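Beneath this line is the structure, given in structure tokens, with notes to follow.
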Amino acid sequence: MDIREKTHQSGGRDRAIAEPRVANEDEFRVDIERIRFSPYFSRLSSVTQVIPQAGSGTLVHNRLTHSLKVSAVARSIAIRLRTADEATRRLVSELGGCDPVVVQAAAAAHDLGHPPFGHLGEQELDRVARSVLKLPDGFEGNAQTFRILTALDSCDATARGMNLTRAVRAAVLKYPWTRNEWRALAPLAPELLPRGVGIDPAAGALKFSAYDVDADEMRDVLSVFPGIAKHQQTVESSVMDIADDIAYAVHDLDDFYRAGVLQYTSVSAELRAWLEHSTELSSLKQSELDARRPGHALELTWRRTRAKDPWIADAEAFRESVERVGHDLVEGLLSVPYDGGLEADRAVTAFTRRWIDRLQESVTVERTPTIRSGHVRLGDAAWHDVIVLKFVHARFVLERPDLAVYQRGQTRIIRSLAEGFHIWLNDPEDAGRAPRRLLDSVEATTEEYRQLRENTPHLFLQAGPDEVQRLGQARAIVDYIASFTDAQAVSLNALLTGTADNLWEAGRGL
């Protein structure tokens, strides 16, 4: 049997509920089409990636176009691994395999759980879920993705979940743990913690891929990958994660250049100042660094990188990446303002293709990776390149005051929705008139928590008799808000706050 055919023989192709298939129909192909036909996938076309379409003045990525590009990059990496040298192919097979269709499916699904308004909306929904709705594990976009695939969407085989193969469900687990499992573990230094856990695991992980109510299913799908250590991604999940990093670092810069957000002068000044004065900057105390001064923000980024990832962070490699990005992005692409012409479009396309090819070609596979990495990772130089590209993204786009003002206004909508639905569902005289989909979700989610209490009573030792109902209602509210598009969130908030002037249009689809 060919090495590539030995993958997923331990149960990765299995589903929770067996389904009849026509002869030679590929199980993984069924999964990817099921995801692509999901209304949760279609919704992503109207969910902000970084900057909103309406205010950009040009076409920018949304969550759907981002997911499609992640899927394309992930497939290319998987094919590279399939055609790699024999030792690499054998290692990939021993670790559980890397099917190009599985990574495409995982990439298509990876952002399904993102709520309205980008990453700031995600952070605010988490804050509200914990502070207002008192959900111990709050909200997390990756955990919401897994929940959509396994509980919220439906298919012909079951009304709860898409009944996907174990391999595809495992491949979306970028952070294969729950938030709360870290609270009981002994404190560890940040460099000894998996990427995404955060610096204070006693408060729970910052990033995680399953809520407590979905934890059993997460453990089940990971059980068919015995070669993968605890808290490590499957090979296919690592490929999807790397593809997400590449698309985020490269394609989003494409958006910001076209929209006129990235300016040559400011980016050039920052990178040049650090390159020319890195020795002096390295001698400054942390308190002496002022991010408003050119070069200082990049020095802070280098120090954080070195502290968190000493296993790979290298001063010379970082400097070379700053020089490389400065030459190709700043002195190359940004030196000519985007004017919408054919030459400008060709320049953007060439830059994007050049960098994606470079990053994809650097991918390597390791049998025993550090806890901060995965079995599949970027090569050392490319890893530093992504750090610098993400710095440009964060420093010159995400930290802009005009974007911050806009986003803070959006987060008020998230909080208002959560508080409004919470009050409504707890109004004994009017709760029955709440949206039908929300009421159905409360019933179904309460049953999930009831089963969780029966299976893991130790999680409910301090809980009163109404705790199951309260948790079910809270999780249902979060599920409901997370399923909105940006426009739906704005419209429904206007209805809840009594400011809507188009009742029947705004209330359609509740």
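Since the model is a prediction, treat every value here as computed from it, not as a measurement. Start at 1 with the first residue, then count along the sequence.
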| request: I would like to know whether R15 and E27 meet side-chain contact (heavy atoms from CB on, under 4.5 Å); could you show each step before the answer? | output: CA-CA 9 Å; R15 303 175 188 276; E27 294 289 351; 2.7 Å; yes
| query | Side-chain donor-acceptor pair under 3.5 Å between N142 and S209, yes or no? | reply | no
| task | May I ask you to check if R475 and Y211 form a cation-pi contact, with NZ or CZ under 6.0 angstrom from the six-membered ring centre and within 45° of the axis? | result | yes
| Considering only heavy atoms from C-beta outward, does the side chain of H110 approach that of V172 to under 4.5 Å? | no
| request: Run the salt-bridge test on R34 and D31 with the 4.0 Å N-O cut-off and return the result as yes or no. | output: no
| task | State the CG-CD distance between L173 and Q232, to the nearest 0.5 angstrom. | result | 13.0 Å
| field | Sub-4.5 Å side-chain heavy-atom contact between V47 and D111 | value | no
| Note: R130-D137 ion pair, threshold 4.0 Å (strictly below) | no
| field | Any donor-acceptor pair under 3.5 Å from S154 side chain to A159 backbone | value | no
| query | Does the side chain of Q233 come under 3.5 Å of the side chain of S238 through a donor N or O and an acceptor N or O? | reply | yes
| Should E443 and L439 count as side-chain neighbours, where that means a heavy-atom distance under 4.5 Å? | no
| Within 6.0 Å of NZ in K308, more than 12 heavy atoms from elsewhere | no
| query | Which of parallel (below 30°), tilted (30 to 60°) and perpendicular (above 60°) describes F351 and W355? | reply | tilted
| query | Is it true that the side chains of Q473 and Q469 contain a donor and an acceptor less than 3.5 Å apart? | reply | no
| message | Could you go through H8 and F28, starting from their C-alpha distance and side-chain angles, then the distance that decides it, and tell me whether this counts as side-chain contact (heavy atoms from CB on, under 4.5 Å)? | response | CA-CA 11 Å; H8 302 302; F28 298 147; 3.6 Å; yes
| request: Search all heavy atoms of V365 against all heavy atoms of V376 and return the closest pair with its distance. | output: CG2-CG2, 4.3 Å
| Residue I199 excluded, over 12 heavy atoms near CD1 under 6.0 Å | no
| task | Would you confirm whether the ring centroid of H66 sits within less than 6.0 angstrom of the ring centroid of H114? | result | no
| Would you call R160 and D153 a salt bridge, using N to O less than 4.0 angstrom? | no
| Side chain of T83, backbone of R80: donor and acceptor closer than 3.5 Å? | yes
| task | Return yes if some donor-acceptor pair links the side-chain N/O of R179 with the main-chain N/O of E140 below 3.5 Å, else return no. | result | no
| message | Is there a salt bridge (Lys or Arg N to Asp or Glu O under 4.0 Å) between R29 and E25? Walk through the geometry before answering. | response | CA-CA 8 Å; R29 181 60 57 185; E25 186 174 19; over 6 Å; no
| request: Kindly indicate whether the side chain of V239, heavy atoms from C-beta on, has any atom under 4.5 Å from the side chain of C98. | output: yes
| request: Please check if the side chain of T446 supplies one atom and the backbone of V442 the other of a donor-acceptor pair under 3.5 Å. | output: yes
| said: Check this for me: does any side-chain nitrogen of one of R169 and E217 sit under 4.0 Å from a carboxylate oxygen of the other? | reply: yes
| query | So, the side chain of T65 versus the backbone of N62: is there a donor-acceptor pair under 3.5 Å, distance only? | reply | yes
| Any salt bridge between R127 and E124, counting N to O under 4.0 Å? | yes
| Quick one: does Q144's side chain get under 4.5 Å of L112's, heavy atoms only? | no
| Is R21 atom CZ crowded by more than 12 heavy atoms from other residues, nucleotides or ligands, each under 6.0 Å away? | yes
| Once you round to the nearest 0.5 Å, how far does CG of L44 lie from OG of S38? | 8.5 Å
| request: Any chance you could lay out the side-chain contact (heavy atoms from CB on, under 4.5 Å) test for V490 and F484, step after step, and finish with the verdict? | output: CA-CA 9 Å; V490 172; F484 297 158; over 6 Å; no
| Is there a donor in the side chain of T88 and an acceptor in the side chain of D85, or the other way round, less than 3.5 Å apart? | yes
| query | Under the criterion ring pair (Phe, Tyr, Trp, His ring centres under 6.0 Å), which of W424, F139, F421 is the partner of Y480? | reply | F421
| query | For the residue pair D216 and R219, what are the closest heavy atoms and their distance? | reply | OD1-NH2, 2.6 Å
| message | I want to check something: taking the side chain as every heavy atom from C-beta on, are V30 and L164 in contact at a cut-off of under 4.5 Å? | response | no
| request: For the pair T352 (side chain) and V348 (backbone), establish whether a donor and an acceptor sit closer than 3.5 Å, ignoring hydrogens and angles. | output: yes
| task | Taking all heavy atoms of A482 and all of G113, pick out the closest pair and write down the distance. | result | CB-O, 4.5 Å
| query | Atom CG of L496 and atom CG of L417: how far apart are they, to the nearest 0.5 Å? | reply | 6.0 Å
| said: Treating T456 as the side-chain partner and H458 as the backbone partner, does any N or O pair qualify as donor plus acceptor under 3.5 Å? | reply: no
| query | Between the side chains of T178 and E181, is a donor N or O closer than 3.5 angstrom to an acceptor N or O? | reply | yes
| said: Looking at R437 and D479, is any side-chain nitrogen of the basic one under 4.0 Å from a carboxylate oxygen of the acidic one? | reply: no
| field | Within 6.0 angstrom of R75 CZ, more than 12 heavy atoms from elsewhere | value | no
| request: State plainly whether the residues D309 and R195 are in salt-bridge range, i.e. N to O under 4.0 Å. | output: no
| When rounded to the nearest 0.5 angstrom, what is the spacing between OG in S441 and CZ in R436? | 11.5 Å
| Any idea how Y248 and H119 line up, ring-wise: parallel (<30°), tilted (30 to 60°), or perpendicular (>60°)? | perpendicular
| query | What heavy-atom pair brings A170 and L222 nearest, and what distance separates the two atoms? | reply | CB-CD2, 4.3 Å
| task | Please confirm whether the backbone N or O of F117 pairs with a side-chain atom of D486, one donor and one acceptor, at under 3.5 Å? | result | yes
| said: With a 3.5 Å distance limit and no angle check, can you tell me whether W311 reaches the backbone of E191 through a side-chain donor-acceptor pair? | reply: no
| task | Please examine the side chains of E19 and N163, heavy atoms only from C-beta on, and report whether any two atoms are closer than 4.5 Å. | result | yes
| message | Looking at every heavy atom in both E236 and A171, which two are closest together, and how far apart are they? | response | CB-CB, 4.0 Å
| query | When you measure from the side chain of D244 to the backbone N and O of M240, does any donor-acceptor pair fall under 3.5 Å? | reply | no
| said: Show the nearest heavy-atom pair for residues T305 and W383, with the distance to one decimal. | reply: CG2-CH2, 3.5 Å
| field | pair Q104-L68: side-chain heavy atoms closer than 4.5 Å | value | no
| In Å and rounded to the nearest 0.5 Å, what is the CZ to CG distance from R166 to D220? | 4.0 Å
| request: Could you give me the CA-CA distance, side-chain angles and deciding distance for K134 and H422, then say whether side-chain contact (heavy atoms from CB on, under 4.5 Å) is met? | output: CA-CA 11 Å; K134 307 300 181 185; H422 178 63; over 6 Å; no
| Charged N to carboxylate O under 4.0 angstrom, E94 versus R90? | no
| query | How long is the span from the CD atom in E122 to the OG1 atom in T411, to the nearest 0.5 Å? | reply | 13.5 Å
| request: Inspect the contact between R377 and D241 and indicate whether a charged nitrogen and a carboxylate oxygen are less than 4.0 angstrom apart. | output: no
| field | Pair E467 + R450: basic N to acidic O under 4.0 Å | value | no
